[in-house]
Trainee: 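For reference, the structure I am asking about is given below.
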There are 2 protein chains.
Amino acid sequence: MSQIFFGAPPRPSAPAGANVSERAQLPPSLAISTVIFALKPDPLANGAPTLWLPLVRRIKEPFRGQWALPGGPLTAEESLEDAARRNLLETTGLAPAYLEQLYAFGGLNRSSRPERGSQRVVSIVYWALVRATEAQLSVGGAGGDENVAWHRADTAGAGEGGLAFDHREIVDYALWRVRTKIEYAQIAYHFLGPTFTLAQLREVYEAVLGRSLDPANFRRQLKSAPQIEATDEFLEGGRHRPPRLYRYTGPLDATPGGPGPGSTQS
Amino acid sequence: MSQIFFGAPPRPSAPAGANVSERAQLPPSLAISTVIFALKPDPLANGAPTLWLPLVRRIKEPFRGQWALPGGPLTAEESLEDAARRNLLETTGLAPAYLEQLYAFGGLNRSSRPERGSQRVVSIVYWALVRATEAQLSVGGAGGDENVAWHRADTAGAGEGGLAFDHREIVDYALWRVRTKIEYAQIAYHFLGPTFTLAQLREVYEAVLGRSLDPANFRRQLKSAPQIEATDEFLEGGRHRPPRLYRYTGPLDATPGGPGPGSTQS
DNA sequence: TCAAAAGTGTTGTATTTACACCCATGG
DNA sequence: CCATGGGTGTAAATACAACACTTTTGA
């Protein structure tokens, strides 16, 4: 993959030494949140796929009525990643194939409308990738919850006073992370099924990176990667010449159980 | 900088669903720790510079007598980064120019000798870079504390039953992070003073990367970077032709106040 | 037979790497 | 004047980007 400069990463404004309210002296509590990305066709953008994520509507103050990342407290008997998985399943019904820690957010003014007596919260945020097919089943489909819905990752909460807390900054940072990581790690396959055409794979890269790629050069780069294996099958039913289906055989760069970007081979 | 494959990053064994003791149901508490790197000449290795870090000896169980990363609890009125800075100053006397979040460690068995009734701890770990000159003054010098000492980053705790808790894994991950990050971000200058010779800068890269670099090509790469500015001064006192001193003028990739790898331009 | 996407070939340019070579200084 | 590190030149190898071109299918 080529080196692409995406500009400076979004930097939370990080009000480090900001005004300190007379908040309770309770120790900060811990919560887990997750940014879950899926690639879905955008009806407002010609049907081209873009990044979407599920959000939950807050039913309590602060930020009542606004959209927030799925999350919840960390219980005593589960690891951070387990907590992320459990909470994800409870709030959205999703079980992502890829899940990795993003960052720990612990600024003093994360709630920007600090209530008196409210406890300060440190959020350890994970990010996840799911396939569009899984995404359809769990949220917003039949039996879907009104308070859980998919939003476009880049514009979520735009016309509604923004997302709750500092969640807009968190999503921006997660977006920056997928975009840079897809360039050097094997994460694109988590958006796709076990077999796929090269055009589908290219669509994933184009959607995440936000620019078009040369089909010819893209094909060559993948053919030089030994982890891409051609199958004997072709995708029928298209309007034109049926493209060959491929399979990814390398390490699925799967779910880093700990720190580190999974495998890093190109 | 060239692309170098450092092998798979060190993966904490991440005992996710490991045996669960009848520990207290208290919510997990939060602590901050820091991995502080400095480049110091290693007497055992020909005087070649290597990465060192300060550790503190534990005076309480568990792991009494063993070496651990400097750290402490997070208080209610400070951000995560402020807590790291404060704790660093208190335990080692260091005020690093570069400080960035590394990872949040929250496995269930981090203390591998779980005491009954001991509370589970989630550690948010930062990593920092300091100059060798600062490093000398604060720890192990005159008036130095016996229970704070510098160790080689790669072998610390080797003959002494290892480091406390999961700190060996944490240090390995931090090492992996410096090594990969020095390839694309402007962090090498934090090991050096305001002016330096190209040979000194090359020594930094060689020490961190663990391999030798071609002086000619190294020079060219830096000259093509507009952020390296030649001064009128030369380093006198050497045994041979005095080398020119240079200055780094670009953004010091300084202390990311929030997530993101600081600036990413090459 | 035509449109459109699949798939191949070719070429110019930038980057990386290896290494030969000259320059300047202290001893 | 010579050993040593500072500093320059050059050419091969590799990787990247642009784009012309052929192939294969459905309609």
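Here is the naming used below: chain letters follow the sequence lines, and residue numbers restart at 1 for every chain.
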Trainee: Using a 4.0 Å heavy-atom cut-off, does A216(A) contact any base of the nucleic acid, only the sugar-phosphate backbone, or nothing at all?
Mentor: base

Trainee: Which residue pairs pass the salt bridge (charged side-chain N to carboxylate O under 4.0 Å, His left out) test with at least one member in residues 187-201 of chain B, sequence neighbours excluded?
Mentor: none

Trainee: Measure CD/E206(B) against P/dG5(D) and give the value in whole Å, please.
Mentor: 13 Å

Trainee: Between dT8(D) and K223(B), is there an OP1 or OP2 to side-chain N/O distance shorter than 4.0 Å?
Mentor: yes

Trainee: Got a list of protein N/O to nucleotides 11-13 of chain D N/O distances below 3.5 Å?
Mentor:
none

Trainee: Give R220(A) one of three labels, base, sugar-phosphate or nothing, depending on what nucleic acid heavy atoms sit under 4.0 Å from its own.
Mentor: base

Trainee: Locate the shortest heavy-atom distance separating R177(B) from Q101(B); write the atom from each residue and the value.
Mentor: NH2-O, 3.1 Å

Trainee: Please report the distance, rounded to the nearest Å, between CZ in F218(A) and P in dA6(C).
Mentor: 12 Å

Trainee: If I take atom CZ in residue R244(A) and atom P in nucleotide dG7(C), what distance separates them, rounded to the nearest angstrom?
Mentor: 7 Å

Trainee: Atom pairs under 3.5 Å, N or O on each side, protein against nucleotides 25-27 of chain D: can you list them with distances?
Mentor:
| unit_1 | atom_1 | unit_2 | atom_2 | d |
| --- | --- | --- | --- | --- |
| dG26(D) | O4' | R239(A) | O | 2.8 |

Trainee: Between dA5(C) atom P and F234(A) atom CZ, what is the distance in whole Å?
Mentor: 18 Å

Trainee: Testing the basics here: between Y126(A) and E81(A), what is the closest heavy-atom pair and its distance to 0.1 Å?
Mentor: OH-N, 3.5 Å

Trainee: Mind calculating the distance between CZ (R219(A)) and C1' (dC16(D)) to the nearest angstrom?
Mentor: 18 Å

Trainee: Please list all pairs meeting salt bridge (charged side-chain N to carboxylate O under 4.0 Å, His left out) that have one or both residues in residues 217-236 of chain A, counting only residues at least two apart or in different chains.
Mentor: E229(A)-R247(A)

Trainee: Rounded to whole Å, please give me the gap between CG in N217(B) and P in dC19(C).
Mentor: 11 Å

Trainee: Between L201(B) (CG) and dG7(D) (P), how many Å, whole number?
Mentor: 13 Å

Trainee: Using whole Å, report how far CG of L235(B) lies from C1' of dG7(D).
Mentor: 16 Å

Trainee: Which nucleotide in the set dG7(C), dA18(C), dG7(D) lies at the smallest distance from any side-chain heavy atom of P243(A)?
Mentor: dG7(C)

Trainee: Which residues satisfy the side chain to side chain donor-acceptor pair (under 3.5 Å) test with T34(A), sequence neighbours excluded?
Mentor: none

Trainee: The criterion is ring-ring contact (aromatic ring centres under 6.0 Å, His included); which residues satisfy it with F196(B), sequence neighbours excluded?
Mentor: Y189(B)

Trainee: Would you compute the distance between atom CD1 of I36(B) and atom CG of L88(B) and round it to the nearest 0.5 angstrom?
Mentor: 4.0 Å

Trainee: For L213(B) versus R202(B), what's the shortest heavy-atom pair and its separation?
Mentor: O-CD, 3.9 Å

Trainee: Measure across L69(B) and H167(B) and return the closest heavy-atom pair with its distance rounded to 0.1 Å.
Mentor: N-ND1, 3.0 Å

